[in-house]
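For reference, the structure discussed in these notes is given below.
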Amino acid sequence: MVNVAILGFGVVGSGVAEVLSTNSEQITRNAAQEISLKYILDVRDFPDSRFKDCLVKDFAVIEKDSSVQIVVETIGGVGVAYDFTKRAILAGKSVVTSNKELVAKHGYELLELARERNVNYLFEASVGGGIPIIRPISQCLAANEISELYGILNGTTNYILTQMIQNGVSFESALREAQRKGYAEANPSADVDGTDACRKICILASLSFGRHVYPESVPTEGITGVTLADVGFAERAGCKIKLLGRAIRLDDGRVACYVAPHLINEANLLANVEGVFNGIVVRGNAIGEVMFYGAGAGKLPTASAVVADIIDASKHSKTRKYLNWMDSSAEAQFDPATIENRWYIRAEAGSEAIKMFDAAEVLSCNGSGNETAFITEKMSKAVLDSKLKGFKVLSAFRVLD
Ligand code: HSE
């Protein structure tokens, strides 16, 4: 039997307890032993919970209990979650987490610590909610040199954009609905300003390219600048606007990551990833292109990934899963502003803005409010900025080619 402790009885933590209990037969069969929930740590009281007998308030109880082999960290953030994770690993316990902020910020250090202590630090649920993506990249695609990853990595913003595109719903009311459904972060600005997607692309890039990519090195733009006017012009161009995290590796090994809204052609599979769903495309030199799709947020989908890691950790109690990368280095990075794309532009300008480009596709010229919208030929951000110098640009989004 393997004893488990859950740290944090919020949306994901309570989902993990529920899945462990509801699917216990299946889980026991897959783990080839019983997985028993021994403790739940939370500062709050839950007198009506069916798990109330497991609740404790002092982490030391879990830390000192040598019968607890696996700790599930679903507290979130980089405060006590970081402290408890280190203490659990130092106490010889494997740690399983959905905490993308912690993995993106301290993943290298925590993986090193886990390696030294011969325990596992697993984080399948940190990217893509219930979608299997960490294990496929580290195992199923291990024979490939990965050159690029990109995808819709945040369910809340995809839900909001879908509501804007399909129903003309306002940003604010779509966000409120996402919060009500338990998709959004505790502070939803991390969703809408792209921070959450940034953390996730950092984790995927670190795993795929072998060096830690820290969030502060990743230019990040969220969806607060996307308007219903942009949605309409994108539709005129046969595209949908989606927030993408993207990581590219050049032949010389240098890597660039960024997060930004993109126009995606309606025929592209990613354009049809709607609502809270996420879609992630991985390009490898043997596999070609492969796409992962599924529920990117929510209590039970995320718990599904956490519990899969619990099963994996229980099966590898005496061995380590190969999950490691090196620390970052400035020489291993290049500036994503040099990546060439076509660009969607909406500007407070007339045809003079369009004339700056050799082959602009005009979507609207001198429309309402003297607005002009068009799509440029391929160029870097620096070239784009030099051409549009002096014009009042309202929106500038990359087109995914
Ligand atoms: N707030 C996140 C999202 C939760 O909306 O995708 C899952 O990481």
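What you see is a predicted model, and the numbers here were worked out from it, not measured in a lab. In each ligand, atom 1 is the first atom listed, and ligand 1 is the first ligand listed.
The protein heavy atom nearest to atom 2 (C) of ligand 1 is E185 OE2, 3.2 Å. When only non-hydrogen protein atoms are considered, atom 8 (O) of ligand 1 lies nearest to K100 NZ, 2.6 Å.
Comparing heavy-atom distances from atom 7 (C) of ligand 1 across G129, G155, G296 singles out G296 as nearest.
When non-hydrogen atoms are compared, ligand 1 lies under 4.0 Å from neither the backbone nor the side chain of S98. For T157, no heavy-atom contact with ligand 1 is shorter than 4.0 Å. With a 4.0 Å heavy-atom cut-off, ligand 1 is reached by the backbone of T156 and by its side chain too.
A donor-acceptor pair is defined here as one N or O able to donate and one able to accept, closer than 3.5 Å; no such pair exists between the side chain of E73 and the backbone of T97. Judged purely by atom type and a 3.5 angstrom limit, Q69 uses its side chain to pair as donor or acceptor with the backbone of N3. Of the possible polar contacts, none joining the T220 side chain to the G194 backbone as a donor-acceptor pair under 3.5 Å is found. Looking only at distances, a side-chain donor or acceptor of N158 sits under 3.5 Å from a matching main-chain atom of G275.
Atoms of ligand 1 found under 4.0 Å from any heavy atom of A184, numbered from 1 in the order shown, are 1 (N). Within ligand 1, the atoms closer than 4.0 Å to a non-hydrogen atom of D191 are 1 (N), 2 (C), 3 (C), 5 (O), numbered from 1 in the order shown. Near K200, the atoms of ligand 1 lying under 4.0 angstrom from a non-hydrogen atom of the residue are 2 (C), 3 (C), 6 (O), 7 (C), 8 (O).
Ion pairing between a basic and an acidic side chain is recognised when a charged N comes within 4.0 Å of a carboxylate O; R398 and E340 show no such pairing. The pair R211-E331 does not meet the salt-bridge criterion, since no charged nitrogen lies less than 4.0 angstrom from a carboxylate oxygen. Here D45 pairs with K57 in a salt bridge; the nearest charged N to carboxylate O distance falls below 4.0 Å.
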